[in-house]
Participant: 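This structure is in C-alpha cells; I'll ask about it shortly.
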Amino acid sequence: MCPGHVSGTKMRGDMRLRDSTIIDYLRGNADDRLFAMADSLTRQVHGSEVFLRAIIEFSNVCDKHCHYCGLRAPNQDVSRYRLSPEAILQAAEAAALMGAGTIVLQSGDDISYTAATIGGLIREIKQRHPVAVTLSLGDRDLGDYAFWRRCGADRCLLKLESTDAFLYKRLRQGEYFAARLHRLEALRALGYEVGSGVIAGLPGTTLLHALRDIHFLTQLNLDMLAVGPFVPHPQTPMRDAAPGSVGLSQRITALLRLLNPHANIPATSALDALRPGSRGQALRRGCNVLMPSLTPEEHRKDYSIYPGKNDQGLDIAGSLALAVDTIIEHSLLPSNARGDAKRRPHAHQSATRSAPGHHPHGPSQCGQVLAD
Ligand code: SAH
Ligand code: SF4
C-alpha cells in the first residue's frame with residue numbers, strides 16, 4: 001500500500017494511522033506531537049516503571065557474515081572471547097543480586113555452546129534467582145530452542161533486521177529472510193514471549209522501507225520490539241556507509257508504540273553510540289525497557305557489534321547504576337520486576353498477517369522512493 005491510502009492498521013481505541021500520516025511523522029514533520037503521543041500512551045499502559053533487563057554478552061564468537069556487524073566471522077581484528085559456564089552464572093548472580101528482573105543471554109551465533117550447556121545455564125539461573133531469562137542467540141536449531149524452553153527460558157529476541165527480503169539476503173550474505181521469519185514464528189509456537197525489530201537507516205533504505213517495517217512488525221503481534229540506528233563499523237564491508245539517524249530510529253519506535261501499546265520496547269544502546277543521551281531521551285518517546293550490559297568488565301569492550309557499544313569503561317555495578325540514573329533523570333521509576341508481556345485486550349493483527357514476500361506493503365506494490 002502506498003502513502004496516501006488508508007492503512008488497515010488500527011491504533012488502540014478507534015484511531016487509525018494512514019500511511020501518509022506515518023510518512024509525515026517519519027519525515028520528522030511533527031516530532032513534538034508524535035513523541036508526546038508515544039510517551040503518553042506508554043505511561044497510560046505501562047505506568048512510570050522502566051524494566052531493567054541485564055544483558056550478559058557471553059561470547060563474541062560468530063560464524064555469520066552479516067555485513068553490518070563487527071563480530072562477523074571474517075573480522076580478524078576483534079579479540080574473541082568465550083565466557084565459561086561458571087563465569088556466566090557468576091555474572092547472572094551479580095545481575096540478579098543488583099536487582100535485574102530479567103537476564104538476557106546474548107552472543108554471536110556461536111555453536112560451541114551446546115544445547116546441553118545453554119540448557120544447564122538456564123536451569124541454574126532459574127533455580128537460583130526469581131528472574132525471567134531471555135535468549136538472544138541467533139539462528140540456533142529450533143530443536144535447541146524447544147529444549148531451552150523446557151529448561152525454563154521465558155523469552156527470545158530475534159531481530160528481522162530488515163523486512164526487505166532482498167536487502168536481508170544481501171546484508172546477511174545469502175541468508176533467507178523467510179527462514180528468519182519462520183524461526184521467529186516457531187519460537188512463539190514453542191511458548192516463548194517473542195521480540196523482534198529492525199536496524200533503522202540501513203544504507204539503501206528509504207522511508208518506504210521504514211513504513212513497511214512498521215506494518216510488518218505490527219502485524220506480527222510481538223511481545224517485544226527493538227529498533228536501533230545503523231552504526232557503521234570500521235572493520236566491516238559497510239565501514240564507509242552513512243550512519244542511520246537517531247531521529248528516524250526514535251520515530252519508528254514511537255510509531256511502533258502507537259500501534260503496539262502493550263509491547264515492551266527497549267531504548268537501545270545504538271542510540272547512545274550515535275548521540276550520547278538519546279537512549280535516555282527514548283524513554284520519553286515510547287520506550288519502557290532499558291538493557292544495561294552486565295558482561296564482565298574485562299570483555300565488555302570486545303563485544304564490539306558497532307563502535308561506541310559498551311565503551312563507557314564502567315564495571316558492572318557502574319553499568320547498572322548508570323541505567324538507574326538515566327531512568328530517574330527522566331522522572332521515571334527503575335523496576336526490578338520481570339516485566340512479562342502484557343497481553344493485548346484485542347489482538348487486531350491476526351486477520352491481516354502476511355506471508356513473507358507477500359505482505360501488502362512490499363516493494364512489488366509500491367516501489368517509489370520517497371526520501372533517504
Ligand atoms: N547473533 C545474534 C545476537 C547478537 S547481534 C543475532 O544476530 O541475532 C544483536 C543485534 O545487534 C542484531 O540483532 C543487530 O540488530 C544489532 N547490530 C549488529 N550490527 C549493528 C550495527 N552495525 N548497527 C546497529 N545495530 C547492529
Ligand atoms: Fe553474528 Fe549477530 Fe553480528 Fe550477525 S549480527 S555477525 S549473527 S553477532
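Read the numbers this way: they start at 1 and go in the same order the structure lists the ligands and their atoms. FYI, side chains are in, hydrogens and waters are out, and symmetry mates aren't considered; it's all heavy atoms of this structure.
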Participant: Would you say S107 touches ligand 1, if touching means a heavy atom closer than 4.0 Å?
Facilitator: yes
Participant: Between K301, K309, R300, which is the residue that forms a salt bridge (charged side-chain N to carboxylate O under 4.0 Å, His left out) with E57?
Facilitator: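 Among the candidates, only K309 passes.
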Participant: Taking only heavy atoms of Y303 into account, list the atoms of ligand 1 that are under 4.0 Å away from them.
Facilitator: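 Checking each atom against Y303, I get 4 (C).
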Participant: Test your reading of the model: is there a side-chain donor-acceptor pair from T21 to the backbone of L17, 3.5 Å cut-off?
Facilitator: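 Pair absent, no side-chain N/O of T21 close to backbone of L17.
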Participant: Atoms of ligand 1 less than 4.0 Å from K159 heavy atoms?
Facilitator: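 Selected atoms, number and element: 13 (O), 15 (O).
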Participant: Would you call K64-E175 a salt bridge at under 4.0 Å N-O?
Facilitator: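 Counted as a salt bridge, because a side-chain N and a carboxylate O are separated by less than 4.0 Å.
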Participant: Where is the nearest protein heavy atom to atom 1 (N) of ligand 1: which residue, which atom, and how far?
Facilitator: D109 OD1, 2.8 Å
Participant: Need the ligand 2 atom indices (1-based, order shown) with element for anything under 4.0 Å from a heavy-atom of R72.
Facilitator: 6 (S)
Participant: Please report which non-hydrogen protein atom sits nearest to atom 3 (Fe) of ligand 2, along with the residue it belongs to and the distance in Å to one decimal place.
Facilitator: C69 SG, 2.3 Å
Participant: Do side-chain atoms of S245 reach the backbone of L248 as a donor and acceptor pair under 3.5 angstrom?
Facilitator: yes
Participant: Looking only at heavy atoms of G244, does any of them come nearer than 4.0 Å to an atom of ligand 1?
Facilitator: no
Participant: Does only the side chain of C66 get under 4.0 Å from ligand 1, or the backbone, or both, or neither? Count heavy atoms.
Facilitator: neither
Participant: Give the intermediate values and the outcome of salt bridge (charged side-chain N to carboxylate O under 4.0 Å, His left out) for residues D39 and R285.
Facilitator: CA-CA 5 Å; D39 187 40; R285 297 182 167 191; over 6 Å; no
Participant: Counting only heavy atoms closer than 4.0 Å, does ligand 1 sit against the backbone of Y306, its side chain, both, or neither?
Facilitator: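 Side chain only.
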Participant: Is it the case that the ring center of F216 lies less than 6.0 angstrom away from the ring center of F177?
Facilitator: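 Judged by ring-centre distance (under 6.0 Å), F177 and F216 do meet the cut-off.
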Participant: Please confirm whether R140 approaches ligand 1 to less than 4.0 Å, judged on its heavy atoms.
Facilitator: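 The answer is no: ligand 1 sits nowhere under 4.0 Å from a heavy atom of R140.
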Participant: State, to 0.1 Å, how close A153 and I122 come at their nearest heavy-atom pair, and which atoms those are.
Facilitator: N-CG2, 3.4 Å
Participant: Does the pair D223/R155 count as a salt bridge with the N-to-O cut at 4.0 Å?
Facilitator: no
Participant: Please confirm whether H233 approaches ligand 1 to less than 4.0 Å, judged on its heavy atoms.
Facilitator: no
Participant: In terms of residue, atom name and distance, what is the protein heavy atom nearest to atom 4 (Fe) of ligand 2?
Facilitator: C66 SG, 2.3 Å
Participant: Counting only heavy atoms not in I111, do more than 12 fall under 6.0 Å of its CD1?
Facilitator: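 No, CD1 of I111 has 12 or fewer neighbouring heavy atoms, counting only those of other groups under 6.0 Å.
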Participant: For a side chain to side chain donor-acceptor pair (under 3.5 Å) check, start with the C-alpha distance between N288 and T42, then their side-chain angles and the critical distance, and finish with the verdict.
Facilitator: CA-CA 7 Å; N288 71 318; T42 309; over 6 Å; no
Participant: Considering only the protein, which heavy-atom contact is closest to atom 8 (S) of ligand 2, and what is its distance?
Facilitator: G108 CA, 3.7 Å
Participant: Are R80 and D302 ion-paired here, with the side-chain N under 4.0 Å from a carboxylate O?
Facilitator: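 No salt bridge links R80 with D302.
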Participant: I'd like to know: is atom 3 (Fe) of ligand 2 within the 2.8 Å range of an N/O/S atom from C62, strictly under that distance?
Facilitator: no
Participant: For atom 2 (Fe) of ligand 2, which protein heavy atom lies nearest, and how many Å away is it?
Facilitator: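 Going atom by atom, the protein heavy atom closest to atom 2 (Fe) of ligand 2 ends up being D109 OD1, 4.3 Å.
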Participant: Have a look at P229, A226, S196 and point out the one with the heavy atom closest to atom 24 (C) of ligand 1.
Facilitator: P229
Participant: Determine whether more than 12 heavy atoms belonging to other residues, nucleotides or ligands lie under 6.0 Å from atom CD of E298.
Facilitator: yes
Participant: Is there at least one pair of N or O atoms, one from V231 and one from ligand 1, spaced under 3.5 Å apart?
Facilitator: yes
Participant: With atom 8 (O) of ligand 1 as the reference point, say which of K64, Q106, E161, R180 has the nearest heavy atom.
Facilitator: R180
Participant: Can you tell me the protein heavy atom closest to atom 16 (C) of ligand 1 and the distance?
Facilitator: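 Answer for atom 16 (C) of ligand 1: I305 CG2, 4.2 Å.
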Participant: Heavy atom of S136 under 4.0 Å from ligand 1?
Facilitator: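 Per 4.0 Å heavy-atom rule, S136 contacts ligand 1.
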